[in-house]
Novice: 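Sending over a structure as structure tokens; questions will come in a sec.
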Amino acid sequence: QVQLVESGGGLVQPGGSLRLSCAASGSFIDISTMGWYRQAPGKEREHVASITYDGSTTYVDSMKDRVTVSRDNYKNTVYLQMNNLKPGDTAVYYCTMRCRTGKGWGVWSAFWGLGTQVAVSS
């Protein structure tokens, strides 16, 4: 129905930067909020950043000075620019989108990507 595919993860040294991307494809009417979560080994999944259709953003306190979330509504893509990465940022990063699918007015549902690994290590 809706597929989200993340890219841009990898291994980076402390202080480095990465830009994650997540593109939606499939059958949907429109997309409202897009966001990113992360899950480190042994920890619960936590919210990192979100952006509404009109561009309003929210960030987790631990990263708000180091990340920027943005979106391209024409490409159905959300981005996460991460700077000054720290070892504690090591995690699998997942994108999520709230999409309206179906016929007529449709229904709103949350969809998730499979995740992209980010490892910060020297």
Side-chain angles (χ1 to χ4, degrees):
Q1 201 173 26
V2 178
Q3 295 81 41
L4 305 184
V5 179
E6 301 102 333
S7 61
L11 174 63
V12 64
Q13 292 186 343
S17 298
L18 284 175
R19 188 189 192 215
L20 306 182
S21 301
C22 175
S25 63
S27 178
F28 50 89
I29 301 169
D30 51 22
I31 304 173
S32 60
T33 301
M34 298 178 173
W36 291 92
Y37 283 68
R38 67 182 182 179
Q39 187 167 19
K43 295 187 177 181
E44 294 186 353
R45 189 174 297 190
E46 68 169 346
H47 172 258
V48 175
S50 294
I51 183 167
T52 63
Y53 184 84
D54 61 0
S56 296
T57 57
T58 58
Y59 297 98
V60 65
D61 286 344
S62 63
M63 295 192 79
K64 64 182 179 180
D65 295 329
R66 301 184 290 119
V67 300
T68 302
V69 62
S70 59
R71 63 189 285 168
D72 185 329
N73 291 329
Y74 293 102
K75 296 181 178 180
N76 299 314
T77 299
V78 62
Y79 306 95
L80 186 69
Q81 176 68 43
M82 303 187 291
N83 301 318
N84 191 23
L85 285 162
K86 305 175 181 181
D89 296 321
T90 295
V92 178
Y93 285 71
Y94 299 90
C95 82
T96 181
M97 298 186 187
R98 187 167 173 79
C99 304
R100 187 155 58 124
T101 61
K103 299 180 180 180
W105 289 105
V107 293
W108 289 98
S109 304
F111 294 87
W112 292 83
L114 296 179
T116 185
Q117 177 71 53
V118 171
V120 185
S121 175
S122 55

Novice: Looking at every heavy atom in both G106 and I29, which two are closest together, and how far apart are they?
Specialist: CA-CD1, 4.1 Å
Novice: Tell me, yes or no, whether the heavy-atom count around L114 atom CG, taken from other residues, nucleotides or ligands under 6.0 Å, exceeds 12.
Specialist: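 12 or below, so no.
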Novice: Other members of the hydrophobic cluster containing Y94, with the 4.5 Å side-chain heavy-atom rule, please.
Specialist: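 So far as hydrophobic clustering goes, Y94 is joined with Y37, V92, W112.
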Novice: If we ignore hydrogens and angles and just use 3.5 Å, is the side chain of T96 paired with the main-chain N or O of F111 as donor and acceptor?
Specialist: yes
Novice: Write down the atom of D89, the atom of M63, and the distance for their closest heavy-atom approach.
Specialist: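 Heavy atoms of D89 and M63 come nearest at OD1-CE, 3.8 Å.
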Novice: Rounded at 0.5 Å granularity, tell me how far CD in Q117 sits from OH in Y93.
Specialist: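 The distance works out to 9.5 Å.
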Novice: Looking at every non-hydrogen atom in both residues, tell me the closest pair between S50 and T33 and how far apart they are.
Specialist: CB-CG2, 4.1 Å
Novice: Please report the interatomic distance CH2(W36) to CE(M97), rounded to the nearest 0.5 Å.
Specialist: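 If we round to the nearest 0.5 Å, W36:CH2 and M97:CE are 7.5 Å apart.
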Novice: I'd like to know if the side chain of R100 and the backbone of W105 have a donor-acceptor N/O pair within less than 3.5 Å.
Specialist: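 A pair under 3.5 Å: yes.
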Novice: Is it true that D61 and K64 make a salt bridge, defined as a side-chain N closer than 4.0 Å to a carboxylate O?
Specialist: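 Salt bridge between D61 and K64, a charged N being under 4.0 Å from a carboxylate O: yes.
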Novice: Ignoring hydrogens and geometry, is there a side-chain-to-backbone donor-acceptor pair from E6 to G115 under 3.5 Å?
Specialist: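 Yes, the answer is positive, given that a donor and an acceptor are paired below the 3.5 Å cut-off.
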Novice: Ignoring hydrogens and angles, tell me if any N or O in the side chain of R71 forms a donor-acceptor pair with the backbone of T52 under 3.5 Å.
Specialist: yes
Novice: If every non-hydrogen atom of S17 is compared with every non-hydrogen atom of N84, which pair is closest and at what distance?
Specialist: OG-N, 4.2 Å
Novice: How about M82 and L20: do any of their side-chain heavy atoms sit closer than 4.5 Å?
Specialist: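 When only atoms from C-beta onward are counted, L20 and M82 do touch, with a gap below 4.5 Å.
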Novice: To the nearest 0.5 Å, what is the distance between OG1 (T77) and CG (L4)?
Specialist: 10.0 Å
Novice: L11 and S121: side chain to side chain contact (heavy atoms under 4.5 Å, CB included), yes or no, with the steps?
Specialist: CA-CA 7 Å; L11 174 63; S121 175; 4.2 Å; yes
Novice: Considering all heavy atoms of both residues, which atom of V2 and which atom of S27 are nearest to each other, and what is their separation?
Specialist: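 Looking at all heavy atoms of both residues, the closest pair is CG2-O, 3.7 Å.
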Novice: Let me confirm one number: the SG-CD distance from C99 to Q1, rounded to the nearest 0.5 Å.
Specialist: 9.0 Å
Novice: So, does T90 use its side chain to make a donor-acceptor pair with the main chain of V120 at under 3.5 Å?
Specialist: yes
Novice: If every non-hydrogen atom of V78 is compared with every non-hydrogen atom of M34, which pair is closest and at what distance?
Specialist: CB-SD, 3.5 Å
Novice: Rounded to the nearest 0.5 Å, how far apart are CZ of R38 and CZ of R45?
Specialist: 13.0 Å
Novice: Is any side-chain heavy atom of Y53 less than 4.5 Å from a side-chain heavy atom of D30?
Specialist: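 Contact flag for Y53/D30 side chains = no.
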Novice: Would you say I31 ends up clustered with W108 if hydrophobic residues are merged whenever their side chains have heavy atoms under 4.5 Å apart, either directly or through other cluster members?
Specialist: no
Novice: Compare all side-chain heavy atoms of N83 with those of V67 and state whether any distance is below 4.5 angstrom.
Specialist: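 The answer is no; the side chains never approach within 4.5 Å.
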Novice: Considering only heavy atoms from C-beta outward, does the side chain of D72 approach that of Y79 to under 4.5 Å?
Specialist: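 Answer yes - side chains close enough.
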Novice: Hey, does the side chain of R98 reach the backbone of S32 with a donor-acceptor pair shorter than 3.5 angstrom?
Specialist: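 Not a single qualifying donor-acceptor pair exists.
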